[in-house]
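Reviewing the structure listed below.
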Number of protein chains: 2
Amino acid sequence: MSDQKQVYMFYEGNAGMKKLLGGKGANLSEMTRLGLPVPPGFVVTTEACNEYYRQGKILTEDLKKQIMRALQQLEESTGKTLGAATAPLLLSIRSGAFFSMPGMMDTILNLGLNDQTVETMAKDTGNLTFALDCYRRFMQMYGDVVMKIDHDHFEQILEEVMAEFKSEKSQDLPVEGWEKVVASFKKMIAEQGKPFPQDPHEQLLNSIEAVFASWNNQRAKVYRRLNNIPDDLGTAVNVQSMVFGNLGDDSGTGVAFTRNPSTGEKKLYGEYLFNAQGEDVVAGIRTPLPISSLKDKMPAIYEQFVDICDKLEQHYRDMQDIEFTIEKEKLYILQTRTGKRTSTAAVKIAVAQVEEEICSRDEALLRVDAAQVEQMLHRQIDPSAKLQSLAKGLPASPGAAVGGVVFDANVAEERGERGEKVILVRAETTPDDIHGIVAAQGILTSRGGMTSHAAVVARGMGKPCVSGCEALKIDTVARMLKVGDQVIKEGETVTIDGSTGNLYAGEVPLITPQLSGEFNQLLGWADEVRRLKVRTNADTPGDARKAVEFGAEGIGLCRTEHMFFEHDRLPIVQEMILAETLEERQEALDKLLPIQQGDFEQILREMKGYPVTIRLLDPPLHEFLPNQEDLAVEIARLEERGEKGSLLQEKEALLKKVRSLTEFNPMLGHRGCRLGLVFPEVYRMQVRAICQAAVKLIGEGMDIHPEIMIPLVGHFRELEEMRKMAMGEAGDVMKETGVNFEYTVGTMIELPRACVTAGQIAAHADFFSFGTNDLTQTTFGFSRDDAEGKFLPIYIQEKILAQNPFMVLDREGVGELILQAVNAGLAARADLKLGICGEHGGEPSSIQFCHEAGLNYVSCSPFRVPIARLAAAQATLMEKEGTSEIRQGSV
Amino acid sequence: MSDQKQVYMFYEGNAGMKKLLGGKGANLSEMTRLGLPVPPGFVVTTEACNEYYRQGKILTEDLKKQIMRALQQLEESTGKTLGAATAPLLLSIRSGAFFSMPGMMDTILNLGLNDQTVETMAKDTGNLTFALDCYRRFMQMYGDVVMKIDHDHFEQILEEVMAEFKSEKSQDLPVEGWEKVVASFKKMIAEQGKPFPQDPHEQLLNSIEAVFASWNNQRAKVYRRLNNIPDDLGTAVNVQSMVFGNLGDDSGTGVAFTRNPSTGEKKLYGEYLFNAQGEDVVAGIRTPLPISSLKDKMPAIYEQFVDICDKLEQHYRDMQDIEFTIEKEKLYILQTRTGKRTSTAAVKIAVAQVEEEICSRDEALLRVDAAQVEQMLHRQIDPSAKLQSLAKGLPASPGAAVGGVVFDANVAEERGERGEKVILVRAETTPDDIHGIVAAQGILTSRGGMTSHAAVVARGMGKPCVSGCEALKIDTVARMLKVGDQVIKEGETVTIDGSTGNLYAGEVPLITPQLSGEFNQLLGWADEVRRLKVRTNADTPGDARKAVEFGAEGIGLCRTEHMFFEHDRLPIVQEMILAETLEERQEALDKLLPIQQGDFEQILREMKGYPVTIRLLDPPLHEFLPNQEDLAVEIARLEERGEKGSLLQEKEALLKKVRSLTEFNPMLGHRGCRLGLVFPEVYRMQVRAICQAAVKLIGEGMDIHPEIMIPLVGHFRELEEMRKMAMGEAGDVMKETGVNFEYTVGTMIELPRACVTAGQIAAHADFFSFGTNDLTQTTFGFSRDDAEGKFLPIYIQEKILAQNPFMVLDREGVGELILQAVNAGLAARADLKLGICGEHGGEPSSIQFCHEAGLNYVSCSPFRVPIARLAAAQATLMEKEGTSEIRQGSV
């Protein structure tokens, strides 16, 4: 280590050395190489930072030597000398990590000032006030950052002196005032411990050390956790000669984006202040001027700046965010970096830059953050609105909704039919609430997780939902809800944001983003690049239509139970479940057959030409029945009231049945193909409905591709039996109708055992569809509903897990099992079709995994289809480039 | 196929050809080779049977030719000819598969008789009655087996003729009667379809075909399913010349075991009848004579038979079950096979035969069915009692118990203290019932599965338990239970059999088996052979003591939650859970610390010198609180009664807390190390209790080896944090006390993700203990409590699964994951200690897997320790022999 180069002059570095020099250092180096007017300086590397920590927070002697050598070179190139009585060199000391962490770490300006150099500065600038102001600013920053003195101590002195001199603003303070401030600062600092160091070399080394130390301050650690930035990257330190924007009205400072970061418009966008330092622009005390006004005030500088902007955008092949300073009519560029932008701007800029031949299509595709694109697809709260959230639940189904609260599905339906906008508020929803959910703008529950009934149904319908909002106290009798002291009565308006989980009192402005022409253009390019097909999860013709509009190439998951939950069918489904004999059950199934056939006809018709994967009934039967506890309470009340009649007996009989079906762990219970094996008549009805729908549509001349999917297979024998059943029924329908149709039979792979024995299972499957929701639950042993409300947030906070594995596919565990299944499946059957239909199918990094794993398609909710198209293209491109580097560019 | 040899003369075969000739055929061949008096014959092979099915149930021409050639050789060697007018050959046709399937397939005797040969026979024997009786028996069997005529038709004719001739017994029927029977049989057979065939060659081929067909009759299929015998083995057919034990008083027939199959005593054991055929011995119409009496009646024959028995036992190196016939004072051996025996006899014989140098120790060890041995270790229902079961539940904890029923834990405790024997009967038990369970002889519940609270607690205590007995209607108000119409009131006696799940009314005789000297001898040999260590799962000093007596070499799983459930601690545990602040929780934990320390001291003391693996708290906290539904009902009742006081408020507050802790899928919820990560203070208290116990015992001069086990780890970060916590606490205790002690920290591997990422986890673990109960649940996605009561029995019945994976480890799925974990774990850390602590640790075939997988130890309940010692030795021996052949010899 001791022989390693740990300090680089700007002219020694370049943009490719971001890992070592940090983003800022690499860009300063690059700009220096480009011949741009960058104040000279050097970078102490991230490696030096890591070494600092390895040594137990000590700067090695070797590093100190390298710093001094670099300083000497800097002094030579500027003709100034640190601490010298004439031409003293002043320095800025700034952090700069691999990932930008704005404002998280520390900065020190005007380093090199002491009692002697401040006088030289006053002489050189002819401005003692300015020099004293610089000196006290330096003392203040150094005192805060290096000496850890509470900034209140400085503020207090400043206030006292201003009061003494009756100055309203610091600019008004006379020289005597500034002298007093400086003297008082020095006194106070010495009282706090050590005196303020007059030796600029000591100042420099201490400041570098302090920046290193700021890598691990509390706010930096939190920022990294929130942004998934590794803790072991370390920060570089940029030591740069100072330029001053506050030397008078021929000086100034500002920031500009080469394009509008909000809309993407191709027009310089930024602001500046005359006679100011960078922090003044940010502080907002003075109102900055728009960048365009510089054209009139300093035409030559403006022209030079525009040229530099063009040059930087061309060079970096992307929109830039540039900081500049004008010192006595000389322009300096202090920083450039890829500019953050909204998803709308990201799309617009990417497409425009391809047209302008600034970047290639592939680069454009990689530049739009696929995850961020979702905000363009749902109604959302106007980002410019300043809001105070009333409470926060789980972001169960994205999008925002406004409406009057109602506490009961019937009221919701009634008011909905009258054209009122309502938000259905329930402790938790049950199948009995479906008609209310349909009628509502959005759903809010106080219990249940991301896979609670409300969440699943809402996502299926594309309706916003906030679930598990535990701060909510719902009083259905008084028809009101309480959050803390705030009471909201039935009919009063609230807004929910299903993308963040926030609840707001009153109506909040919403915006409805559109799929722009540019976005369609970009997605068109994505389609040309990607290898993965993109399908959708859709249970209704409406969803299917929406998904096709968004570019879906089939249905990867059509859940038939959601059809069972519908208002008019639920009673028949319950009849089927409560049947005491096979005959009674068959009677109910006979009623369901034409209804299901109708469902399938509509969906197959909507998806004409595309494959449609239909999953047979999956949830445990008790999900279709009333809640056991509610029933028990109802019975107890009837008994207490002396009720002895048929109502009580009926309820008791129902409770008995519910009890016999209720399970300790429904997620691991009697569901999926376990139902099909115990009650084959139910699955047989569903297969028949699919087949009869197929026959009917073929009769209408349509091209259809139904794929029958058996859920929750863990052992090949389950699939073997169910496939036999399905083929038997399909054969019967063909015989009865004389119409042949194509179909396939496959399975969800959603249990670890299915992954481990995939070779055996593949022998009986035309396709595998990875159900990564359940696979994640069983692989981790996490019940999503329980985990997300209880320990998972703590796991992420404490960094036990880097990410919620239900959002981002866990490659090491779940992914490893998927790879085993893919390999064994393809070994057993080379033409096995492979897809994913868990929620991960719409999440970019998971889509990248699916691409790498060699799946044929991903399937996701309709709104996520565009995201998936883009992410699938990005996965192809990243594979081509051999990188999985994190993309930049979005806000 | 057509060129293959499908028929073997007895003298061409030997005992090693069991696969091809079936057990009976191979043994007849072997005895022929030994020069024993076996009536000559030949075997049609199992391969011929399989070919018969492959050809679509047709005997090939080639096979028919081979049969005729063999027949010809048989005729030459006997000097008799099939169907000849003089010296006609008569044959028996018997099935004989690889595995004995007694009585499942068909047999035909006296083949070769027709209207002509029956007369020759009458002449030759001088006994027309006998000849006619033989003829009608043959017709009856042939009619039944080959022609599929209902045997009632034959019985009816026989009864009518006997009535006509006023004969009470068939022996009394005069010749005219028999002639009438034969004539009526022929007439009836012809009326049923085709006439009875007079051509003995046709009889022969049809009979062989019929025996082949009987391989797939219903009862044979069921038998194979119940005994896990593959369907594709096929049966051989043995064609043998007839000998007659019913030619008069100088003839007879019988069966004998070379030793007593019930006790193992070395003494010929069997019975015989003069003037009888084999079926008469079995039929039980005449009372057979003990074999010893033959010594007086036919001394020479008896001596010859004893010689043969000795020879056969020496030759087969095991106890034999021999069938013999005496035809006119000439002894014939018709069959020998390894005799089935009780486990007691199996052990006694195995040990005795080693002492007699008949077999080696290794052979003796392989000859005792380890699974069967369990019956020797629990109190059990006297197998000689004839019983009618009242109802059947799940066999939740083995052993039988008798007592008066009580419906409430307090009553159980009260009566138990008075010395009464009680059976606690509950819908399901909760922690509140523990004192009642302690006081009861056994537990009976109407709800819950094999891992319900009652089942787990009862198994832990070694108390018999029948759970989920759904036929039970419990009326706690009237204090009685009902099964159908039968009412049992409180205090009335019942017997439960936790090994079978049966409930009996009244007191049933029980026997208490002992660990015999021979068994200890055998286990001693096992200990010398086995590589696997055997530990026990024990939560109490009593269990630990019992296990050490049975040979346990440590504790593989000490569950600390069972200590929490105890009557005097539960209130403190609930206080801890209901704590609103960390301070309140710490207060409760401070009370628990000395109690837990005491628990650990007792157990460590009991296991002195042996390692003790202590698992930190595992179940979700709501398991320690009252049931949510019960509380809701109670509150509803209070409200209905107009209650408004503090009781209601208290209950409501409790319900709120219970609700906030209750989970949708507790098995996948907030438990295991997830508790330790969210509430580190709980685990810290437990670790401290272990460490302080260690310090105390070391102070007493004891050698102790505590192993701290972190449950439910799925991600290495969980273990990393918990290990840090444990080591920190242990370090603190060492510092505080100045006493150093050895300890290790490891984890349960019970989640698929833990298996898949075992390499990462091993870096933080001193040991892995495979928790195969939960690993089976998550790998299959089966909730055991739900599956065993609902779909699992159907899965096994329909052969979706060959076995209950909670009883016998699923090698293809769960086993594969274990192998992945073992390999990755050892690659990461070569000295990683590996064990299993799921229930599979006491099941022989699973123990064999553990041996093959290279684990260091198995851990099982105390009563299963002897089984595990034996099974571990068998696994070593089977590996040495390169076989995993199913062992024989037990009833």
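Hydrogens, waters and symmetry mates are skipped; everything else that's a heavy atom, side chains included, is used. By convention in this document, chain letters (A, B, ...) are assigned in the order of the sequence lines, proteins followed by strands, and residues within each chain are numbered from 1.
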I'd like to know which of Q820(A), R671(A), E816(A) tops the heavy-atom pair count under 4.5 Å against chain B. Q820(A)

From I710(A) CD1 over to M722(A) CE, what is the distance, rounded to the nearest 0.5 angstrom? 7.0 Å

Mind ranking E721(A), E470(A), Q760(A), R447(A) by heavy-atom pairs under 4.5 Å with chain B and telling me who comes out on top? Q760(A)

Give me the contact list for residues 674-682 of chain B versus chain A, heavy atoms only, anything under 4.5 Å, ordered by residue number. R674(B), L677(B), V678(B)

Which pair of non-hydrogen atoms, one from M725(A) and one from L616(A), has the smallest distance, and what is that distance? CE-CD1, 4.4 Å

Taking every non-hydrogen pair under 4.5 Å, which of R637(A), Q628(A), E750(A), H715(A) racks up the most with chain B? R637(A)

Derivation of the side chain to side chain contact (heavy atoms under 4.5 Å, CB included) call for D475(A) and K482(A): CA-CA 8 Å; D475(A) 186 338; K482(A) 266 177 148 181; over 6 Å; no

Intermediate values then yes/no, side chain to side chain contact (heavy atoms under 4.5 Å, CB included), R784(A) and F664(B): CA-CA 9 Å; R784(A) 183 172 186 177; F664(B) 297 98; over 6 Å; no

Just so I know, are the side chains of F780(B) and L751(A) near enough to count as touching, which here means a heavy-atom distance under 4.5 Å? no

Find the one option among A787(A), P666(A), G669(A) whose heavy-atom pairs under 4.5 Å with chain B are most numerous. P666(A)

Working for salt bridge (charged side-chain N to carboxylate O under 4.0 Å, His left out), residues E720(B) and R717(B): CA-CA 5 Å; E720(B) 189 178 23; R717(B) 288 277 298 120; 2.9 Å; yes

Assess the residue pair E643(A) and K651(A) against the criterion (side chain to side chain contact (heavy atoms under 4.5 Å, CB included)); give the C-alpha distance rounded to whole Å, side-chain angles, the decisive distance to 0.1 Å, and a yes or no. CA-CA 12 Å; E643(A) 175 78 51; K651(A) 293 279 175 191; over 6 Å; no

Measuring heavy-atom distances to chain A, does A632(B) have an atom under 4.5 Å in its side chain, in its backbone, in both, or in neither? both

What part of L801(B) lies closer than 4.5 angstrom to a heavy atom of chain A: side chain, backbone, both or neither? side chain

Which atoms of E634(B) are under 4.5 Å from chain A, going by heavy atoms: the side chain, the backbone, both sets, or neither? neither

Rounding to 0.5 Å, atoms OG1 (T778(B)) and CG (N773(B)) come to a distance of 10.5 Å

Going from CG on L668(B) to CG on N665(A), what distance comes out if it is rounded to the nearest 0.5 angstrom? 6.0 Å

What part of H670(B) is in contact with chain A, defined as an atom under 4.5 angstrom from a non-hydrogen atom: side chain, backbone, both or neither? both

Stepwise, does the salt bridge (charged side-chain N to carboxylate O under 4.0 Å, His left out) test hold for R753(B) with E812(A)? CA-CA 8 Å; R753(B) 196 181 189 286; E812(A) 291 177 343; 3.6 Å; yes

For chain A, which of G672(B), P752(B), A754(B) has the most heavy-atom pairs under 4.5 Å? P752(B)

How about M667(B) and S783(B): do any of their side-chain heavy atoms sit closer than 4.5 Å? no

Top of T757(B), I800(B), L712(B), D810(B) for chain A proximity - count of heavy-atom pairs under 4.5 angstrom: I800(B)

Of the listed residues (R659(A), E798(A), E639(A)), which shares the most heavy-atom pairs with chain B below a 4.5 Å separation? R659(A)

